[in-house]
Amino acid sequence: MLSIGQTAWLTLLGILGLLLWKLRPFVVRPFTSQIRNLPGPRMTSLVWGNMKEILDEDNSVPQERWVAEYGSTIMYRGFLGLDRLWTMDPRALNHIMTHSADYQKPPQARMNLARILGKGVLFTEGEQHRQQRRVMNPAFGPSQIRELTEIFVEKSLELRGVWDTEISNSDGVARINVIQSLSKMTLDVIGLAGFNYRFNALKPKGEEDELVTAFKQMFDPQVRITFMMILRNFFPIFNVFPDEQVRGWKRAQDVMRRIGMQLLEEKKAEILREASEGKEKARSRDLLTLLLKSNMATDIPEGQRLSDEDVIAQVPTFLVAGHETTSTATTWCLFALTQAPEVQAKLRAELLALDTDTPSMDQLNNLPYLDCVVRETLRVHAPVPTTTREATRDDVIPVAEPFVDRHGVVQDSIRISKGTPIFIPILAMNRSTKLWGPDAAEFRPERWESLPEAVSSIPGVWGHLLTFLGGPRACIGYRFSLIEMKALVYTLVRAFEFELAVPVEDIQKKSSIVQRPVLRKAPEEGSQMPLLVRRVKRT
Ligand code: HEM
């Protein structure tokens with residue numbers, strides 16, 4: 001039997017051992033990492049590495065400067081000097097994104113995803129991920145999105161009505177924080193299109209929907225980073241001491257789970273009822289019903305079907321992945337139009353030439369300038385500016401362009417060790433002057449009428465952009481968000497004129513995962529894009 005003193009010593013030793021184990025990469029990697037000889041900036045702090053420069057400046061700006069100085073493939077230091085790979089070589093990026101089993105999301109990022117979203121498609125890796133994508137892909141095909149267009153247009157018109165009322169109440173010109181309304185609109189859309197669930201976020205009926213409350217609780221943008229959060233990130237064992245925030249997440253998760261389960265049961269019953277009545281097509285066209293139908297299809301072998309747990313985990317996954325991304329993209333689109341009045345006028349002229357308030361998907365896709373404006377927005381204002389991966393084994397990454405390492409030796413590949421973090425430079429690739437030309441940073445929709453040859457090497461799933469990533473982990477919802485964005489821009493730009501309500505220097509891009517706008521003078525107010533909105537005068 002151990003005495004209290006001995007138990008305390010053993011516990012202390014255990015904690016010390018765990019600490020040393022966790023700190024091992026920070027101690028060993030600087031001497032063993034295969035990428036330590038890549039060119040790159042000098043480390044400016046032993047504790048912060050190069051992170052201070054990165055956190056002090058706008059997204060990707062320091063890395064773009066380093067690439068201009070040292071070449072397309074560089075190494076810089078993260079927290080406690082941990083090495084990070086940043087490459088803008090299209091061939092290397094293609095290798096990393098297509099070999100998704102060898103380059104996975106870092107374990108800590110996955111742990112946080114699982115804690116908040118459950119084990120949905122954003123979380124899973126390897127065979128489980130392939131299985132989920134196989135069942136889910138059919139729900140996101142072009143013909144399914146065509147069916148959903150009506151919802152995108154209906155909700156866009158509802159938003160038009162809300163802003164119209166605000167204008168009437170403000171003597172003809174309303175000051176509107178557009179990101180707030182757009183976020184409600186896209187939540188309503190993903191509710192209806194995702195699960196046939198009415199959030200009524202744009203036009204609340206009585207009390208706020210409990211799923212909306214749960215969602216807000218989980219993704220509060222004002223969340224404080226506490227010491228306990230950092231500790232829990234490094235040492236999951238500290239999860240046994242939950243604070244109020246963790247308890248709040250747990251309560252929110254319980255609500256999401258309960259409603260997810262209820263939706264699942266209802267939809268399964270509907271599919272079975274319709275099958276027994278001999279109907280070919282289920283009435284509901286939402287993503288969850290389509291996913292369930294695909295999961296129940298006879299060509300999916302029994303062992304490949306998703307469990308109920310897997311299906312329920314997709315509910316918060318769709319909500320998170322498909323909501324703020326599209327609202328933020330549309331917000332930046334309206335912002336870009338305020339900065340380019342001639343583009344706004346040209347776009348409006350094209351949109352008003354089509355004489356309908358309720359366009360179909362094909363009609364939206366046949367508007368060439370609208371297409372250019374949406375592409376240019378997603379290029380310059382990619383909502384997700386970077387994403388991370390970690391090498392799961394030692395590897396040799398091929399490059400399109402040989403580079404010179406720190407010792408002056410020419411290298412034609414990147415040797416990488418297991419565990420090395422990699423940053424995928426979505427925004428930086430989208431605005432690389434080498435690929436897009438000297439005006440790459442400018443918002444110029446006309447560039448899409450004749451693209452430089454070089455951009456065809458960018459390994460993105462859509463439009464020569466990395467906005468939706470590429471390879472097996474590319475965004476599953478890109479067609480969904482493109483048509484939703486087009487329906488919004490079509491409806492809003494036909495109805496209203498937009499002007500920025502504050503000096504442009506006051507708008508700052510604040511990056512968590514998604515790049516949201518905040519006011520430099522009032523960051524505590526959260527996401528803000530104040531625009532002056534007037535009705536379009538039709539002659
Ligand atoms: C402008 C809008 C959007 C942007 C910019 C965007 C961007 C992205 C990016 C960059 C990823 C890869 C993340 C990573 O692996 O690190 C991703 C994944 C994903 N997106 Fe989107 N997305 C958008 C809209 C949507 C919509 C509307 C949906 C659903 C309705 C959706 C569902 C997903 C899902 C489920 C994944 C995970 C795919 C996987 O890992 O297999 N996204 N998205």
Side-chain angles (χ1 to χ4, degrees), residues 93 96-98 100-101 103-106 109-110 112-113 117-126 128-137 139-141 144-145 148 151-152 182-183 185-187 189-195 286-288 290-291 310 313-333 374-375 377-390 421-427 429-430 459-463 465-489 513-516:
L93 286 170
I96 294 163
M97 290 191 296
T98 50
S100 58
Y103 298 94
Q104 303 190 353
K105 294 198 175 110
R110 294 188 68 220
N112 289 336
L113 278 174
L117 302 180
K119 298 184 176 172
V121 70
L122 266 168
F123 164 85
T124 51
E125 295 283 355
Q128 203 187 359
H129 175 258
R130 247 195 314 279
Q131 179 195 4
Q132 292 200 356
R133 280 292 290 235
R134 180 172 172 206
V135 174
M136 290 169 73
N137 279 339
F140 288 90
Q144 285 68 25
I145 305 304
L148 296 177
I151 296 176
F152 304 150
L182 285 166
S183 163
M185 183 278 183
T186 55
L187 184 61
V189 163
I190 194 69
L192 275 176
F195 330 106
D286 60 89
L287 300 175
L288 192 61
L290 295 174
L291 191 161
D310 283 349
Q314 312 308 335
V315 172
T317 302
F318 287 170
L319 285 179
V320 171
H323 160 215
E324 300 272 355
T325 39
T326 312
S327 59
T328 308
T330 314
T331 300
W332 287 116
C333 182
V374 166
R375 283 174 192 267
T377 302
L378 290 168
R379 185 183 72 82
V380 185
H381 299 287
V384 181
T386 50
T387 186
T388 50
R389 293 293 184 263
E390 192 175 295
I422 298 166
F423 278 73
I424 300 188
I426 297 176
L427 182 61
M429 285 297 279
N430 283 2
V461 68
W462 175 80
L465 297 175
L466 283 195
T467 305
F468 297 107
L469 226 62
R473 303 292 314 220
C475 176
I476 201 171
Y478 76 93
R479 292 190 191 92
F480 182 114
S481 74
L482 290 172
I483 302 300
E484 183 179 8
M485 250 184 106
K486 284 187 178 180
L488 268 166
V489 175
I513 292 175
V514 173
Q515 292 202 100
R516 296 194 183 84

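Counting convention: from 1, in listed order, for ligands and their atoms alike.
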Problem set entry | Nearest-contact summary for atom 34 (C) of ligand 1 - protein heavy atom, Å | I476 CG2, 3.7 Å
For this session: Look at atom 26 (C) of ligand 1 and say which protein heavy atom is nearest, naming residue and atom and giving the distance to 0.1 Å.
Result: G322 CA, 3.4 Å
For this session: Identify, for atom 32 (C) of ligand 1, the protein heavy atom at the shortest distance, and state residue, atom and that distance.
Result: A321 CB, 3.4 Å
For this session: Please name the pair of heavy atoms, one in K119 and one in D310, separated by the smallest distance, quoted to 0.1 Å.
Result: O-OD1, 4.4 Å
Seminar exercise, completed: Smallest heavy-atom separation, A139 atom then Q144 atom, equals O-CB, 3.3 Å
Exercise. Checking side chain to side chain contact (heavy atoms under 4.5 Å, CB included) for the pair L287/L148: CA distance, chi angles, key distance, verdict?
Worked result: CA-CA 9 Å; L287 300 175; L148 296 177; 4.2 Å; yes
Exercise. Is there side-chain contact between L122 and K105, with heavy atoms separated by less than 4.5 Å?
Worked result: yes
For this session: Could you please spell out the steps behind the salt bridge (Lys or Arg N to Asp or Glu O under 4.0 Å) verdict for E125 and R473?
Result: CA-CA 9 Å; E125 295 283 355; R473 303 292 314 220; 3.2 Å; yes
Exercise. Does H129, backbone or side chain, put an N or O under 3.5 Å from an N or O of ligand 1?
Worked result: yes
Problem set entry | Numbered atoms and elements of ligand 1 in range of S481, under 4.0 angstrom, heavy atoms | 1 (C), 2 (C), 24 (C), 27 (C)
Exercise. Out of T330, T325, I424, L378, whose heavy atom sits nearest atom 24 (C) of ligand 1?
Worked result: T325
Problem set entry | Heavy atom of H323, distance to ligand 1 below 4.0 Å | no
For this session: Please determine if R389 has a nitrogen or oxygen closer than 3.5 Å to a nitrogen or oxygen of ligand 1.
Result: yes
Seminar exercise, completed: Within 4.0 Å of some non-hydrogen atom of V121, the atoms of ligand 1 are 35 (C), 39 (C), 40 (O), 41 (O)
Exercise. Within 45° of the ring axis of Y103 and under 6.0 Å from its six-membered ring centre, is that where the NZ or CZ of R389 lies?
Worked result: no
Problem set entry | Shortest protein contact, atom 12 (C) of ligand 1 (heavy atom only) | L469 CD2, 3.7 Å
For this session: For S327 and T186, indicate whether the former's side chain and the latter's backbone hold a donor-acceptor pair under 3.5 Å.
Result: no
For this session: Of the side chain and backbone of Q132, name the one, both, or neither that has a heavy atom under 4.0 Å from an atom of ligand 1.
Result: neither
Exercise. Does the pair L93 and L466 meet the rule for a side chain to side chain contact (heavy atoms under 4.5 Å, CB included), with working shown?
Worked result: CA-CA 10 Å; L93 286 170; L466 283 195; 4.2 Å; yes
Exercise. Side-chain contact, heavy-atom cut-off 4.5 Å: L482 with I145?
Worked result: no
Problem set entry | Side chain, backbone, both or neither: Q314 near ligand 1, heavy atoms under 4.0 Å | neither
For this session: Considering the heavy atoms of P383, write down every atom of ligand 1 situated less than 4.0 Å from one of them.
Result: 5 (C)
For this session: Could you list the atoms of ligand 1 found under 4.0 angstrom from a heavy atom of K105?
Result: 14 (C), 15 (O), 16 (O)
For this session: Determine whether the side chain, the backbone, both or neither of I190 has a heavy atom under 4.0 Å from any heavy atom of ligand 1.
Result: side chain
For this session: Please confirm whether M136 comes under 4.0 Å of ligand 1, counting heavy atoms of the residue only.
Result: no
Exercise. Which distance, rounded to the nearest 0.5 Å, do you find between the CG of N112 and the CZ of F123?
Worked result: 11.0 Å
Problem set entry | Residue, atom name and distance, where the atom is the protein heavy atom closest to atom 38 (C) of ligand 1 | R133 NH1, 3.4 Å
Exercise. Side-chain contact, heavy-atom cut-off 4.5 Å: I151 with E484?
Worked result: no
For this session: With side chain to side chain contact (heavy atoms under 4.5 Å, CB included) as the test, would you mind laying out the steps for L427 and T386 before giving the verdict?
Result: CA-CA 7 Å; L427 182 61; T386 50; over 6 Å; no
Exercise. Can an N or O of T467 be found at a distance shorter than 3.5 Å from an N or O of ligand 1?
Worked result: no
Problem set entry | Numbered atoms of ligand 1 (with element) below 4.0 Å of F140, judged on heavy atoms | 29 (C), 30 (C)
Problem set entry | Residue and atom name of the nearest protein heavy atom (relative to atom 36 (C) of ligand 1), distance in Å to one decimal | L122 CD2, 4.0 Å
For this session: Work out which heavy atom in N430 is nearest to a heavy atom in A382; give both atom names and the distance.
Result: ND2-CB, 3.7 Å
Problem set entry | Residue-ligand contact F468/ligand 1, heavy atom below 4.0 Å | yes
Exercise. Atom 11 (C) of ligand 1: which protein heavy atom is closest, and how many Å away?
Worked result: C475 CB, 4.2 Å
For this session: Quick one: pull up OG1 in T331 and CD in Q515 and give me the separation to the nearest 0.5 Å.
Result: 12.5 Å
For this session: Please work out which of T387, V374, T326 has its closest non-hydrogen atom nearest to atom 16 (O) of ligand 1.
Result: T387
